[in-house]
Amino acid sequence: MKSYDPGNIELKWQKLWEKERIFEAKDNSEKPKLYILDMFPYPSGAGLHVGHPRGYIGTDVIAHYMRMRGYNVLHPMGWDAFGLPAENYAIKTGIHPEITTKQNIKRFKEQMKRIGLSYDWSREISTADPEYYKWTQWIFLKLFERGLAYRANLPINWCPSCKTGLANEEVIDGKCERCQAAVVKKKIEQWVLRITDYAEKLLQGLDKLDWPEQIKEMQRNWIGRSEGAIIKFQIINSKAKINYKSQIENSKEFIKSFTTRPETIFGATFLVLAPEHEFVASLFKNPKSKIQNIEEVKEYLKKAKKKTERKRIAGIKDKTGVEIEGIKAINPANQKKIPIYIADYVLLSYGYGAIMGVPAHDKRDYEFAKKYNIEIIEVIRPSKFQIQNSKKNNGAYEGEGILMKSGNFDGIKSEKAKKEITRWLAEKNLAKEAVNYKLRDWIFSRQRYWGEPIPLVFCGNCEKTVKNYKLQITNPKQIQNSKFKIQNLEFHLGELLNPGWVALPEKELPLELPRVEKYQPTGTGESPLSAVKDWKETKCPKCNGKAIRETNTMPQWAGSCWYFIAYCVSSNPKSKIQNHSPSTDELGPVLLKKGGGSKLLKYWLPVDFYVGGAEHAVLHLLYARFWIKALYDSKIINFKEPFSKLKTIGLILAPDGQKMSKSRGNVINPDEIIEKYGADTFRIYEMFMGPFDQPIAWDSQGILGAQRFLQKIWRLFEKSAILNLKFQTNQKSKIQNQKIKKLIHKTIKKVTQDIEAQKFNTAIAAIMELVNEMEKEKELSVVDCELLVRLLAPFAPHISEELHQLLGKSQIINSKFQTNPKSQIPNPKQIKSIFKESWPEYDQELIEDEKVVLVAQVNGRVRDQIETSAGISENEAQKIVLKSPKIQKWLNKKEIKKTIFVKDKVINFVV
RNA sequence: GCUGGGAUGGCGGAAUUGGCAGACGCAAUGGCCUUAGGAGCCAUUAAGCAUAGCUUGUGGGAGUUCGAAUCUCCCUCCCAGCACCA
């Protein structure tokens with residue numbers, strides 16, 4: 001037997017696995033299925049660093065383990081290939097992103113293969129492949145068709161460095177998620193997806209998911225559901241000569257505001273509007289404006305507009321505003337006239353962009369009222385029980401309590417008053433119970449080149465047709481769920497809601513990205529595609545008139561919203577996703593069949609276990625859930641949640657404790673590590689270094705421990721007497737190794753449980769303990785050795801297969817294993833457990849010890865440890881333990897007041 | 001400010017229906033082997049002391065219990081996310 005040479009061994013097995021296509025999932029199988037998935041990477045130019053594979057190795061361990069348990073495992077990999085770095089590189093060098101992306105993919109794939117990851121490469125996909133993105137486009141059209149995509153001219157988050165609009169989810173701390181440039185507001189025509197329609201479903205669905213609480217909570221916060229009421233405030237001209245009672249009767253101007261605390265309405269002493277509020281704009285349109293301080297107001301609006309989002313946030317401590325003099329609002333509860341302010345601490349994007357100011361019970365309103373000398377009326381006082389814990393938040397009491405100065409509602413508890421006051425105002429049609437969400441619709445257009453083209457055209461003719469027709473619609477329900485014939489042309493809901501925008505027919509998909517000369521974004525809000533005249537100018541597929549293509553592209557998140565579905569399409573090259581066309585029959589033959597998905601989708605989906613970084617909590621993970629829910633409602637698929645179980649991976653930091661990055665120069669390259677130590681050592685170290693979901697720094701010494709461990713196992717086989725006997729088992733060694741046998745079975749139990757709980761670090765620690773014990777033995781049986789390599793196989797598959805072969809056995813993955821040689825003849829019980837093929841099962845009898853160490857305590861302190869037979873009674877234990885001189889010494893002839901006995905564990909005398 | 005998660009030797013970490021704190025690994029120290037060691041082997045390795053033993057010890061303080069890293073209350077600090085969301 002040669003010394004351990006990981007390089008050769010690993011390449012040998014990797015070649016064999018590839019040749020035998022041993023890790024490919026079977027589409028037609030009687031076995032139970034397991035779909036275990038990694039978040040697919042963006043193939044960057046830098047290649048993988050040692051942090052990336054941590055998750056991949058984790059899922060690989062589970063994939064191996066579950067295959068050994070007899071599951072039909074789907075474990076695929078692909079590429080999230082659209083994205084800015086490739087495009088920016090193209091701007092610099094002129095090399096088409098497609099070329100660099102392909103090179104990067106090749107590199108990534110080689111690196112992954114060298115780690116020995118057991119992916120089913122027959123199902124590999126890339127989101128930038130036209131044969132893939134035709135389906136992304138197709139799904140977009142399904143959303144468009146159902147009215148879930150709409151055109152809007154919105155002030156959006158604009159990254160001046162990337163020169164593109166961003167979704168709210170992509171703005172972190174007022175900065176661009178990708179390049180950290182400060183985001184500004186810019187008004188652009190956008191495609192927006194109505195994710196808010198799914199706010200409630202996205203929230204509700206979380207409860208049933210086996211996801212980390214942290215991620216679920218982040219999504220809950222992001223969705224931001226709050227219950228309250230819409231309250232209407234009437235607006236009157238405060239300088240009008242008519243008395244205001246009759247004004248109240250006559251004025252029809254109202255401003256709506258959302259509040260979570262309608263019970264404080266009697267304390268509402270002012271109204272605040274966001275600077276962008278439409279009422280403010282309407283004041284200027286009206287030539288007979290009632291505003292007396294119009295110049296002052298204009299000045300404030302000008303200033304507010306100039307402020308960036310960040311400055312507005314920075315102004316939290318110092319709120320600014322201006323009163324609109326000349327008009328007043330009426331508090332609907334007590335008909336008091338209250339002033340109206342414009343202030344930028346109120347956000348247009350939430351609720352109605354208007355709030356009622358209750359300074360006594362809201363910190364922010366309090367600060368504002370103090371600054372502008374507005375009346376503060378306390379209407380809730382803490383009850384006797386609450387008074388001790390009641391804290392004023394910067395002057396405002398924000399807790400629950402008893403109502404006062406609230407008309408008929410005095411003395412009522414605030415929780416109860418919430419509903420009653422809303423109801424009372426509702427009777428007068430001045431309020432309504434309401435639910436509000438923080439979640440905003442998803443801005444879906446990107447003014448960049450390297451993304452999926454949006455498969456829509458704009459047609460002037462059709463715009464007229466639709467606009468004329470829309471005028472005839474009286475009942476909005478009329479336009480739901482169906483197609484309409486207008487002048488012999490068919491339009492669907494999306495086209496009616498966005499006049500002039502026409503969907504490409506399915507047979508024209510994919511709409512491929514045209515070649516361009518310049519990738520440079522224009523910066524004007526137009527994509528580089530708008531410069532490609534003969535691509536942009538086209539014919540309307542509906543009326544055959546002149547039409548212009550949408551030149552924006554989709555955001556990077558689009559392709560990742562459904563990629564896990566694409567993997568499920570057969571691995572048979574003839575039926576690969578690339579070979580399916582939406583046009584060949586109604587909805588595409590295999591991928592997406594009418595009525596809830598094809599057989600394959602039903603078999604594989606949803607994903608059973610998903611592993612990736614927590615940074616996608618409110619991005620990819622939310623978007624994908626949204627698309628799946630929309631596709632479910634379109635009856636294209638039959639599951640409501642894409643990922644049943646989710647586990648996040650902790651980042652691997654550089655040895656200096658910093659994040660690994662090229663610019664810091666602290667990146668550790670897995671290629672070098674594998675070159676030096678081998679893939680198995682790398683895998684063992686990454687799994688052993690700490691808990692899977694916690695961040696941890698790379699330790700270049702630590703990996704030596706993993707290497708020593710594998711070398712120790714190798715030497716164990718080398719020196720083992722059995723090897724010299726050509727792996728012949730003999731009776732004698734069987735008897736001698738009873739101790740080891742027991743330990744092995746305990747280890748089987750521990751490793752099995754730990755893998756199931758993804759506690760890979762302790763699973764490996766248990767195997768290490770076993771190896772340390774086995775090392776002490778002079779002789780080991782073949783069975784002992786075989787069990788050891790089987791436990792090791794999911795973590796270090798190459799060395800395990802090699803050693804298994806040295807034992808004279810066939811491949812682990814293909815060979816059944818029986819721990820009990822007596823049960824060679826199949827019995828009914830065995831047939832039942834036919835799926836438990838090559839993972840060893842432990843024998844409970846062997847795990848139970850005959851001898852245990854009983855801990856003897858006096859007054860709860862350990863004074864002695866005594867070996868006894870297992871299962872002895874309290875009386876027996878007492879007799880034995882009392883003989884101990886150490887215990888006698890501590891008892892010191894005192895009277896035993898009480899004895900506590902825990903079977904096989906502890907006996908405690910209280911004196 | 002809000003939400004979620006944490007704090008255990010020199011380091012990463014282990015231990016949960018409350019029952020031997022520090023498994024496993026790294027580093028360190030001493031020894032063996034060696035021309036050599038960034039290889040291997042053996043031993044030691046929480047701290048303190050009056051060292052065959054005893055005492056203290058899981059961020060700090062209180063409590064429940066025969067017994068607390070683990071349960072309860074209060075506090076401090078760290079990490080992550082959100083943040084004028086009415």
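Proteins get letters first, then strands, A, B, ... in listed order; numbering begins at 1 in each.
- One atom, NZ of A:K371, and another, C1' of B:C84, lie 14 Å apart when rounded to the nearest Å.
- Around the NZ atom of A:K256, the shell of radius 6.0 Å holds no more than 12 heavy atoms that belong to other residues, nucleotides or ligands.
- Side-chain polar atoms of A:S414 and A:E400 form a donor-acceptor pair below 3.5 angstrom.
- Between the CZ atom of A:F368 and the P atom of B:C84 there is a distance of 16 Å, given to the nearest Å.
- Between the P atom of B:A27 and the CG atom of A:L704 lies a distance of 6 Å, rounded to the nearest Å.
- Comparing the C1' positions of B:A7 and B:A14 gives an interatomic distance of 16 Å, to the nearest angstrom.
- Side-chain contact of A:D441 with A:T196: a donor-acceptor pair under 3.5 Å is present, judged by distance alone.
- Ring geometry, A:W442 versus A:Y623: the interplanar angle falls under 30°, so the pair is classed parallel (tilted spans 30 to 60°).
- A gap of 24 Å separates the P atoms of B:U34 and B:U44, to the nearest Å.
- Taking atom P on both nucleotides, B:U70 is separated from B:A15 by 16 Å, rounded to a whole Å.
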Would you tabulate the pairs of protein nitrogen or oxygen atoms and nucleotide nitrogen or oxygen atoms of nucleotides 43-46 of chain B closer than 3.5 angstrom?
none

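- On the C1' atoms, B:G10 is 32 Å away from B:C74, given to the nearest whole Å.
- Closest-nucleotide positions on RNA chain B for A:A766 and A:I172 were compared, and the one nearer the 5' end corresponds to A:A766.
- With both pairing distances under 3.5 Å, B:U56 is matched to B:A46 as a Watson-Crick or G-U wobble pair.
- Side-chain atoms of A:T762 and A:D754 form a donor-acceptor pair, as typed in the model, at a separation below 3.5 Å.
- Rounded to whole angstrom, the span from the NZ atom of A:K256 across to the C1' atom of B:A86 amounts to 17 Å.
- A:F233 places its CZ atom 16 Å from the P atom of B:A86, with the value rounded to the nearest Å.
- In a base pair of the Watson-Crick type (N1 to N3 plus N6-O4 or O6-N4) or a G-U wobble (N1-O2 and O6-N3), with each distance short of 3.5 Å, B:G81 is matched with B:C2.
- A:D365 comes within 4.0 angstrom of nothing in the nucleic acid, heavy atoms only.
- Taking atom C1' on both B:U76 and B:A62, the two are 15 Å apart, rounded to the nearest angstrom.
- In this structure, a donor-acceptor pair under 3.5 Å is present between the side chains of A:N772 and A:K712.
- With rounding to whole Å, A:L206 atom CG is found 14 Å from B:G4 atom C1'.
- Of all non-hydrogen atoms in A:I376 and A:A369, the two that sit nearest each other are CG1-CB, 4.2 Å.
- Under the 3.5 Å distance criterion, with hydrogens and angles disregarded, a donor-acceptor pair is assigned to the side chains of A:W222 and A:E169.
- In summary, the side chains of A:T320 and A:Y300 do present a donor paired with an acceptor at a separation below 3.5 Å, with no hydrogens or angles considered.
- Between A:W557 and A:E170, the side chains place a donor N or O and an acceptor N or O closer than 3.5 Å (distance only, hydrogens not considered).
- Heavy-atom minimum distance, A:V751 versus A:I767: CG2-CG1, 3.7 Å.
- Here the closest heavy-atom approach between residue A:I380 and residue A:G399 is recorded as CG2-O, 4.3 Å.
- Across all strands shown, the partner of B:C26 is B:G10, judged by Watson-Crick or G-U wobble contacts whose two distances both fall under 3.5 Å.
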Item to check | Letter per nucleotide, 5' to 3', of nucleotides 5-23 of chain B [B base touched, S only sugar-phosphate touched, - untouched; heavy atoms, 4.0 Å] | outcome: -------BSSS---BB--B
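- Taking the side chain of A:L347 as heavy atoms from C-beta on, and the options B:G38, B:A86, B:C82, the nearest nucleotide is B:A86.
- Between A:R708 and the phosphate of B:G40, there is a side-chain N or O to OP1/OP2 separation shorter than 4.0 Å.
- Between A:Y345 and A:F368, the two ring planes are tilted [angle within 30° to 60°].
- Ring pair A:F270/A:Y341 is perpendicular by interplanar angle, where above 60° counts as perpendicular and below 30° as parallel.
- Atom-to-atom, NZ of A:K712 to C1' of B:C24 comes out at 10 Å; the value is rounded to the nearest Å.
- Nucleotide B:U64 forms no Watson-Crick or G-U wobble pair with any nucleotide shown, as no partner meets the under 3.5 Å limit on both distances.
- B:G18 makes up no base pair with any nucleotide shown, lacking Watson-Crick or G-U wobble contacts both under 3.5 Å.
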Heteroatom pairs (N/O) under 3.5 angstrom, protein to nucleotides 47-55 of chain B:
{"residue": "B:U55", "atom": "OP2", "partner": "A:R863", "partner atom": "NH1", "Å": "3.2"}

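- Nucleotide B:C32 forms a Watson-Crick or G-U wobble pair with B:G40, both donor-acceptor distances falling under 3.5 Å.
- Nucleotides B:C41 and B:G18 place their C1' atoms 42 Å apart, quoted to the nearest Å.
- In this structure, CZ of A:F795 is placed 13 Å from C1' of B:C24, rounded to the nearest angstrom.
- B:U8 and B:U3: their C1' atoms are spaced 26 Å apart (whole Å).
- Among the atoms of the strands shown, only primed sugar atoms or phosphate atoms (P, OP1, OP2) are found under 4.0 Å from some heavy atom of A:S226.
- With a glycosidic angle more than 90° from 0, B:G60 adopts the anti conformation.
- In the set B:G40, B:C66, B:A86, B:C66 carries the atom at the smallest distance from any side-chain atom of A:V910.
- Distances were taken from every side-chain heavy atom of A:D344 (C-beta onward) to each of B:C84, B:A86, B:C82; the shortest belongs to B:C84.
- The only option from A:I907, A:I887, A:T868 that meets the side-chain contact (heavy atoms from CB on, under 4.5 Å) definition with A:I880 turns out to be A:T868.
- Here the nucleotide nearest the side chain of A:E217, chosen from B:U3, B:A86, B:C24, is B:U3.
- Rounded to a whole angstrom, the distance from the C1' atom of B:A86 to that of B:G4 is 24 Å.
- No hydrogens or angles were tested; on distance alone, a donor-acceptor pair under 3.5 Å links the side chain of A:K319 to the base of B:C84.
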